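Reminder, nothing fancy here: chain letters follow the sequence lines and each chain counts from 1. Nothing here was measured: the structure is a model prediction, and the numbers come from that model.
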Amino acid sequence: MGVVEFEDVFVKYETYTGSVLALRGVTFSLGKGETILVMGPSGSGKTTILRVILGLVQPMHGTVRVFGMEPRDGKTGLEIRRRAGYLTQEGKMINELTVWENIMFYAEGRGRRVDEERVRELARELNVEAVLNKHPNHLSGGELKRAELVMVLSDEPELLLLDEPTSMLDAENSEVVIDLLSTFKGRVPMIVTSHDPRLFEISDRVLEVVGGVVGKSLRETAPSPRRDSHLER
Amino acid sequence: MLKYLTKIMVRRMSFFLLILMSFTVSLLIFGIVGQVGHLVDDNVEYTFAHYRPHAVYSLDFAFGRNTAPSAVRWETVKVMNALEKDLNKENLSAGFLVTLPVTYIKPLKIKGHTVYFQAYFFRNIGDVEEFGFKFNRPENHAVLLSYNLSGNLTPEAVSARFFDGNASLVRAYGIFREYPLNHLSSVEYVQVAVPLTNKTLTEYFRWLNQDILNSSGLRVTLYVASNIKNPVRDPHIIESLVTSKLPRSLIADVIGFYTKRYGKGGVAVDVMNGINGSRLVYFNGTWIDPARNEEYLMRVINRNRGIRSVSFDISLRRADIVDLVKEAGTQTVGFFEKYGGLLVVIYLPFFLLVLYASSTVFRDLRNDLEVLELRGIRRNLEVVQEFLIFLAAGLASAVAYAFLSILPDYSPSPLTFVGVTGLVYLTMLIARNGSTWRLGRGSLLSLTALLVAFILLGYMRVNGLVLVSRGYGALMLLFSLLMAFVPIMGIFVGYLFHRACSGLIRLFEPMFDVRYYLRSLAGYSYVLTFSAYSLGIFMLPRIASLDKVVNAVLRNSDYMAIVGYNGVTSLGLLADYLDKLSGGFGVMGLLAISLIFIVSLRKYRSVREYSSLRGGDLKAVQRSFLKFLFLKIGLVVVLSVAVALVLAVFLDAYIGVTYTSGKLLVENGRLTLQSLFKPPHVLIWG
Ligand SMILES: Nc1ncnc2c1ncn2[C@@H]1O[C@H](COP(=O)(O)OP(=O)(O)OP(=O)(O)O)[C@@H](O)[C@H]1O
Ligand SMILES: [Mg+2]
C-alpha cells in the first residue's frame, strides 16, 4: 500500500461563471520512499492534485488515501497536513512575523520540537540565512520560496509536497535546491510539480497531466524542456 | 503559541485601527447619551445666559401731590441704586425702568389720530438691556420698544411731539414677552424708553392729566428686571427664590431707604405685597398688621404727629425663569426630536468606520487562517484570536467609558456601557460574517439624487408648508418620504467620503513612483476618511453660523411668535453643541493624521534601509517620500474641506426645511400663506 493513493479522482471547482473540471479520473499511487515528478502545462491540475492530498479540496468522485486515511473530514485532513510538508507555489507565510518566527510558529503549531541548529543549517545551505530576521513581505520571490522550503524541511515531515520548488529561482539557486532535495530522496516520499527538466534527475517517476487527465508517461518519456510563462518569470 | 498569535495581532495596523475606532465610537455614544442629561443642564445654562428678563417685579409708589420732576427723579434714582446694590450682592444683575400709568398721560391728537404714548425712563441703556431688549447702537438713545400706528404716522413724529423735536429713535428687538410693555390692543400707541433726566421728565410731565392727578395723586411704577447670574437647576429652589426671598429683600431695601431718609421713627411704610397677598405697615422696627391692629396703628400714628406715611405695592409681573427651568427636560426631548436626523447624519459615518476597520481585521484573520490551515496548525487558534479581537475592542470601549466617567457632567450608566459595547460587537459581527461591505451603483445613484434633492429644497427654503401654500399639496407625501430618508443619508455620506478618499489616493498613483507607500496606505483609506471627516466637523461651525438664524428670528417679533421661544433656544443650543463638539473632533482628526504620519515614516525608514543596502539613490527616496507626505496632507485638507462644505450645505438645508415657517390661513376655502419666515443661509459667506 502506497503513502498516497488516487483512484479515478474527479475534482470540480465552482466559480461565479460556471464550474471547472480540474481533475478527470486521476489514478496513481506513491510508494514509500518514492519521488514523483508531476509535469504539465499551466492550468492542467498539478496544484489541484496536491490540494486534494492535503484535504484542502474534496473530490467529487473517486477515492483518495493518504497515510491510509481518507482526507475527507476536517480531522483527518488536519492530521495529514500536520504530518506532511507543503511548499506552496506562491510562497505563503505570515507577514507580521519574521521568517524565523514563522518557522518557530510553524513547528510549535504542529506540535513539534524545534531544532534551531537544523533550521540555521538549512538556511545556510539555501543561502537565506541573511533573511531570517526579515518579514516575508520584504523578501524577493526567490528568497521567499527558499525561506518557505527551510520551514517545510525543518520539522522532518513524513511526506513532502513541493509545488514548483525551483520557480522564481536563478540557475545557481535552483541547483542548490535540487542538491538539497536529493538528500531527502529515498528517505521521504515526495511529490514535486515542476516544469524544470533538472528535477527529472531526482524523480523516480513522471506523471504527465494534461487537462486534468494523467497520461501514462513514465520515466522513459523524457519531457521536452518547455519554456512557458512560468519559467520566463 | 499565544506569544506568536499576539505578535501577529499587535503588528497588524488594522487591529489598532479597530481599537481606535471602537474607542472613538464608544466615546461618541457615551457622549451623546451623557449629553441627554448634560443637555438639560446646557439648556438651563443657555436660558439663564440668554433669556431676559428672568423675573420682573413692579413696585408702585404713591407720590402724593408732589409732582416736581426733580423730586420724582431724585427719589426713584435713590431707590433704584439701593435696590441694585443689594441685588448685585445676591449675585443678580438688575435693570430698572420707571414709568407712569398710561392713563396719567393725555393721549396725543395728531393728524386726526389719537395716540397713547408711554415713556419708560432708564438711568443708563444697560437697564433696558436687562429687560431683554437688543438694539444696534447701544448708546444712551431713546429706544423704540413697540408701537401700533396706522396711516403714515411714524413713531418718530409722535415722539418728537412729546419731547420737543428730539426724534432719533433706535429700534429694539429681542425676546421680550410683553412686559413691562402694556399691551394696548385696538388703540394706536407708541412705547419708548428714554433716559431719566430732569429735562426728559419735565417735558413728559407737561402731558400729565391734571384731573386724575388731583383725585388720586401721582403714582410711579418702578419695574425691576432681576436676572440670575448662576444657573439654578432645582425648580423648587428657584421658585422660592423668585416668590419669597427676592421680594422680601426688595421690601427690606425700600424700607431701609425710607428709614434712612426720614429717621427710624419718622416714617411709617405701608406695604402691599401682591405676591403673598399681605398688607403690613412698618413703623419703628415693628410690623403692624392693619387688619388686626387698626386701633393700635391709629394710636401710634396719632402719638407721633408729623411722621410721614409712605406706601408702595409690590407685585411679581412674570417669572418665566421658573417655567423654563421646569421645562428644561421637555425642551431637551424636543431638541433631539428636532435635530435627531441631523445628528445621525453627523455621527453615523463613524459607525461605518468600525465596520470597515473590523472587516479588515477579520479579512486579515481569514488570510492567517488559510495559512495556518495549509500547515495543519490547530484550528482552535481561530477562537483564540477572535477572542483577543473582541476582548480588545471591548476593552477600548471600557476605557472610553472610564474616561467619560471621570468627567463629572457625563458619567454614563453601566447599562449604557453594556448597550454601547453590544452595539460595537454587533457592528463587528456584521463585518465578520458579511463579506466586504459595498453599496451598489443603483443605490449609490438614488441616494445621491435624494441628497441633492434634499439640499436643493432646503437651500430654497421649500418645505411642506410652502408646498401646501403654493397649491402643491400632493407633493407633501414625497416630501415626507424624503425627510424619512435623512438618517439613512448618514451611512451614505460616510461611504461617499470613503470612496472619495480611496479615489483620490488612486489619483496620485501615476504622478510619480510612490507605489510602495500607496500600497501601504490603500488599506488605511478609512483612517484618512476618519481624520478628514473629524477635521470637517471641526471646521463646520467655522463656516456655518447658526447665530445668523437666531438673530433673524429675534429681530422679527412676528416670526418670533411663530417659531417660539423653544425653537430659538434649541437653535442656540445646537450652535453651542456643534461648537463644543468641533473641538473634540479637531483633536481626534489630528491624532488620526499623526497615526498615518507615523505609519508612513516607518515605511520610509524601511525603504531607505532597503535601498541603501542595494546602493539606491537615497536622495530620490527622500524626495519622493516628502512629496508623498505633502500630497497626503493635501489630500486630508482637500477632503476635510469637502466634508465641511457638504456638512455645511446639509446643515443649511436642514435648517431651511426645519425653520421655514409661517401662518396658513383659509380664505374663501383656499389656503393662503399670510406670513412666511425663511431663515437666512447659515453659510458665513451668503
Ligand atoms: N480555487 C479555484 N476555483 C476555481 N477554479 C480553480 C481553482 N483553483 C484552480 N482552478 C482551476 O482548475 C484548473 C487547474 O488548476 P491548477 O492550479 O491545479 O493548475 P496547475 O496545473 O497547478 O497550473 P500552474 O502550472 O499554472 O500552477 C485551472 O483551470 C484553474 O483555473
Ligand atoms: Mg500550480
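Residues that satisfy the side-chain hydrogen bond (donor to acceptor under 3.5 Å, both in side chains) test with B:Ser594, not counting sequence neighbours, are absent from this structure.
Under a cut-off of 6.0 angstrom, the local environment of CD in A:Glu14 is crowded, with over 12 non-hydrogen atoms contributed by other residues, nucleotides or ligands. More than 12 heavy-atom neighbours from other residues, nucleotides or ligands sit within 6.0 angstrom of CD on A:Glu5. Atom CZ of A:Arg113 has 12 or fewer heavy atoms from other residues, nucleotides or ligands within 6.0 Å. Other residues, nucleotides and ligands contribute more than 12 heavy atoms inside 6.0 Å of the OH atom of A:Tyr13. The neighbour count for B:Arg605 CZ, taken as heavy atoms of other residues, nucleotides or ligands under 6.0 Å away, does not exceed 12. In the displayed structure, A:Arg72 atom CZ is contacted under 6.0 Å by at most 12 heavy atoms of other residues, nucleotides or ligands. Within 6.0 Å of the CZ atom in B:Arg602, the count of heavy atoms belonging to other residues, nucleotides or ligands does not exceed 12.
Here the closest non-hydrogen pair linking B:Leu374 and A:Tyr86 is CD2-CE2, 3.6 Å. Between A:Ile94 and B:Leu372, the shortest heavy-atom distance links the atoms CD1-CD2, 4.0 Å.
A donor-acceptor pair is defined here as one N or O able to donate and one able to accept, closer than 3.5 Å; such a pair exists between the side chain of A:Arg81 and the backbone of B:Glu373. Panel note: side chain A:Arg110, backbone B:Arg375; a donor-acceptor pair is recorded below 3.5 Å.
Residues of residues 3-11 of chain B lying under 4.5 angstrom from chain A, judged on non-hydrogen atoms, are B:Tyr4, B:Leu5, B:Lys7, B:Ile8, B:Arg11 by number.
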Before giving the answer on side chain to side chain contact (heavy atoms under 4.5 Å, CB included), spell out for A:Met93 and B:Val371 the whole-Å C-alpha distance, their side-chain angles and the decisive distance to 0.1 Å. CA-CA 7 Å; A:Met93 283 197 181; B:Val371 173; 6.0 Å; no
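Interatomic distance, B:Asp368 CG to A:Leu97 CG, rounded to the nearest 0.5 Å: 8.5 Å.
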